[in-house]
Amino acid sequence: MAPVRIATWNVNSIKQRMPRFLPWLDERGPDVVCLQELKLDDLGFAGLLGAEIDQRGYQPAVHGEAQWNGVAILSRVGLEDVTTGIPDGPGFPDPEARAVSATCAGVRVHSLYVPNGRVPDSDHYRYKLAWLEKLRDQVAAGPREVVVCGDMNIAPADADVYDPAAYVGQTHVTGPEREALQRLLDVGLHDVVRDHWPDERIFSYWDYRAGMFHRDLGMRIDLVLAGDPVAERVKAAWVDRQARKGTGPSDHAPVIVDLDEAPDGDIGPVVPPPSNPLTRKGAVKLPQSRP
DNA sequence: ATGACGGGTGCAACCCGA
């Protein structure tokens, strides 16, 4: 099994993000891309991106929705057994397009957009918790060769928000949300970015307002959770902060994880991971954009 | 500063996001 690069990105409208998305795709060259917040239905997605991704060798699994939500997986290493939604997943009140899964290069890949929750103890918050329970059931029933990717809308720990005091009483950091995330992890998943950078300041989302990105005041809510056999193959795991810079960015940055070849595969040359490809200002030397 | 930005759409005295 060859090395595989997996990325996940909440693009906050794929239509608006096209000028950033295609150059990013060509520059980073992920083999599998999990997308969230397409804000487009399946037909709109096909019309907008079908030819562009086909000519780059990707197959799409899309679970779109007009106006809100919408998730997808693009893969150039195979795309089998696509499922949309979560079995018996709750709606608000009707099911929303927040989950799609497929098997790519032997790994079960989930692209997820977890409900926001809005206000603790609200109906939407209870929906979020119920949704996470059904997600856990789905992952528990699946293979150990799995990556659960996406906008989890939960900061796993206080270190994952810029100011824990500012978030007291807000969603994304409450006990029940973190416990629901922990129950998902307890199925046998690893938070691979945190595991590789246990003490770094790492965020994946920064509010558009008030210069939050440039002050590096954000949250780490976009996660890649890998089952044991996949976590053992992780050679690099980082937030692509470059994609949050410049003109017309999403308010989320992509998370990128490189898997080495599977243990039983052919052993090829091993490319060392970047020394510190992380989020700290000035710490990153990233490739330039294509001309 | 209970705001700021930037998506969406009924173009607003709108809704939603994290």
Side-chain angles (χ1 to χ4, degrees), chain A residues 8-21 24 35-45 47-49 63-72 91-99 111-129 131-132 149-178 180-181 201-223 239 241 243-255 279:
Chain A
T8 181
W9 193 6
N10 178 327
V11 292
N12 187 17
S13 171
I14 189 62
K15 191 188 295 182
Q16 296 301 322
R17 217 56 58 214
M18 285 297 278
R20 298 298 300 263
F21 176 68
W24 172 86
L35 298 172
Q36 301 89 36
E37 283 211 83
L38 301 174
K39 297 186 177 179
L40 261 188
D41 61 18
D42 292 6
L43 204 59
F45 185 90
L48 183 72
L49 262 172
H63 188 27
E65 182 175 326
Q67 186 172 359
W68 304 117
N69 311 311
V71 289
F92 193 76
D94 300 315
E96 301 175 304
R98 295 179 176 274
S111 178
L112 306 172
Y113 177 44
V114 175
N116 171 290
R118 296 181 189 168
V119 176
D121 299 322
S122 65
D123 286 347
H124 205 266
Y125 180 87
R126 284 184 284 274
Y127 165 52
K128 178 180 193 173
L129 296 177
W131 196 95
L132 287 163
C149 305
D151 179 355
M152 304 301 291
N153 269 323
I154 299 170
D158 281 353
D160 298 309
V161 299
Y162 75 91
D163 180 7
Y167 284 94
V168 171
Q170 307 287 320
T171 57
H172 297 64
V173 302
T174 66
E177 289 165 278
R178 286 177 170 169
L181 178 61
R201 177 184 179 96
I202 309 173
F203 302 134
S204 65
Y205 161 86
W206 301 260
D207 196 298
Y208 284 120
R209 294 168 289 188
M212 296 290 270
F213 175 67
H214 297 287
R215 296 153 67 198
D216 198 23
L217 304 178
M219 314 174 76
R220 191 175 69 94
I221 55 177
D222 300 272
L223 307 179
V239 173
R241 222 170 148 277
R244 181 63 177 78
K245 300 178 181 178
T247 305
S250 170
D251 43 1
H252 296 251
V255 181
T279 59

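Note that this is a predicted model, so its numbers are computed, not measured. Chain letters run A, B, ... following the sequence lines, proteins first, then strands; residues in each count from 1.
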Requested in this report: Take atom P in B:dC14 and the same atom in B:dA1, then report the distance between them in whole Å.
Outcome: 24 Å
**Report entry** Contact nearer the 5' end of DNA chain B, comparing A:Tyr113 with A:Ala210
**Finding:** A:Ala210
Query raised in the report: A:Glu37 near the nucleic acid: base, sugar-phosphate alone, or nothing, with a heavy-atom cut-off under 4.0 Å?
Result: sugar-phosphate
Query raised in the report: What's the closest nucleotide to the A:Met219 side chain, out of B:dA18, B:dG17, B:dG7?
Result: B:dA18
Report task. For A:Asn69 and B:dG8, give me the distance from atom CG to atom C1', rounded to whole Å. Result -> 11 Å
Report task. Classify the ring geometry between A:His124 and A:Phe92 as parallel (under 30°), tilted (30 to 60°) or perpendicular (over 60°). Result -> perpendicular
Query - Rounded distance (Å) that lies between atom P of B:dA18 and atom CG of A:Asp207 - result: 10 Å
Query raised in the report: What is the distance, rounded to the nearest whole Å, between atom NE2 of A:His172 and atom C1' of B:dC16?
Result: 12 Å
Report summary line: Assert: residue with more 5' nearest nucleotide on DNA chain B, out of A:Asn153 and A:Ser13, is A:Ser13
Query raised in the report: Between B:dG10 and B:dC16, how far is it from one P atom to the other, in whole Å?
Result: 14 Å
**Report entry** Short side-chain N/O contact from A:Gln67 to OP1 or OP2 of B:dC16, under 4.0 Å
**Finding:** no
Query raised in the report: Heavy atoms under 4.0 Å, any strand shown: does A:Arg17 hit a base, just sugar-phosphate, or nothing?
Result: sugar-phosphate
Query raised in the report: Among A:Asn12, A:Thr8, A:Asn10, A:Asp151, which residue meets the side chain to side chain donor-acceptor pair (under 3.5 Å) test with A:Gln36?
Result: A:Thr8
**Report entry** Candidates B:dA18, B:dC15, B:dG6 - which lies nearest the side chain of A:Trp68
**Finding:** B:dC15
Requested in this report: Using atom OH of A:Tyr167 as one end and atom P of B:dA18 as the other, report the distance to the nearest whole Å.
Outcome: 11 Å
Report task. Measure distances between side-chain N and O atoms of A:Asn116 and base N and O atoms of B:dA18, and say whether any donor-acceptor pair falls under 3.5 Å. Result -> yes
Query - Out of B:dC16, B:dA18, B:dG8, whichever nucleotide has its closest atom nearest the side chain of A:Gln16 - result: B:dG8
Query raised in the report: Parallel, tilted or perpendicular for A:Tyr167 and A:Tyr162, by the 30°/60° rule?
Result: perpendicular
Query raised in the report: Between A:Arg209 and B:dG3, does any side-chain N or O lie under 4.0 Å from OP1 or OP2?
Result: no
Report task. Taking atom C1' in both B:dT2 and B:dG8, compute the distance separating them and give it to the nearest angstrom. Result -> 23 Å
Report task. Would you kindly give the CG-to-P distance between A:Asp123 and B:dC16, to the nearest whole Å? Result -> 13 Å
Query raised in the report: How is A:Tyr162 classified with respect to the nucleic acid when contacts are heavy atoms under 4.0 Å: base, sugar-phosphate, or nothing?
Result: nothing
Requested in this report: Look through every strand shown and name the nucleotide pairing with B:dG7 as Watson-Crick or G-U wobble, where both distances are under 3.5 Å.
Outcome: B:dC15
Report summary line: note: A:Arg20, atom CZ; B:dG7, atom P; distance rounded to Å ~ 12 Å
Report summary line: A:Arg220 atom CZ is separated from B:dA18 atom P, nearest whole Å, by 16 Å
Report task. Anything under 30° is parallel, anything over 60° is perpendicular, the rest tilted; go ahead and classify A:Phe213 against A:Trp206. Result -> perpendicular
Query raised in the report: Can you list the steps and then say if A:Glu96 with A:Trp131 is a side chain to side chain contact (heavy atoms under 4.5 Å, CB included)?
Result: CA-CA 11 Å; A:Glu96 301 175 304; A:Trp131 196 95; over 6 Å; no
Query - Candidates B:dA18, B:dG17, B:dG8 - which lies nearest the side chain of A:Lys15 - result: B:dG8
Query raised in the report: With sugar-phosphate meaning primed atoms plus P, OP1 and OP2, does A:Thr171 contact a base, only sugar-phosphate, or nothing at under 4.0 Å between heavy atoms?
Result: nothing
Query raised in the report: To the nearest Å, how far apart are A:Arg118 CZ and B:dC15 P?
Result: 11 Å
Query raised in the report: Are any side-chain N or O atoms of A:Ser204 and backbone N or O atoms of A:His252, one a donor and one an acceptor, separated by less than 3.5 Å?
Result: no
Query raised in the report: Expressed as a whole number of Å, how far does the C1' atom of B:dG7 sit from that of B:dA18?
Result: 13 Å
Query raised in the report: In Å and rounded to the nearest 0.5 Å, what is the CG to CZ distance from A:Leu217 to A:Phe203?
Result: 7.5 Å
Report task. Pick base, sugar-phosphate or nothing for A:Asn10, based on heavy-atom distances below 4.0 Å to the nucleic acid. Result -> sugar-phosphate
Requested in this report: Output the single nucleotide from B:dA18, B:dG7, B:dC5 whose closest atom is nearest the side chain of A:Asp151.
Outcome: B:dA18
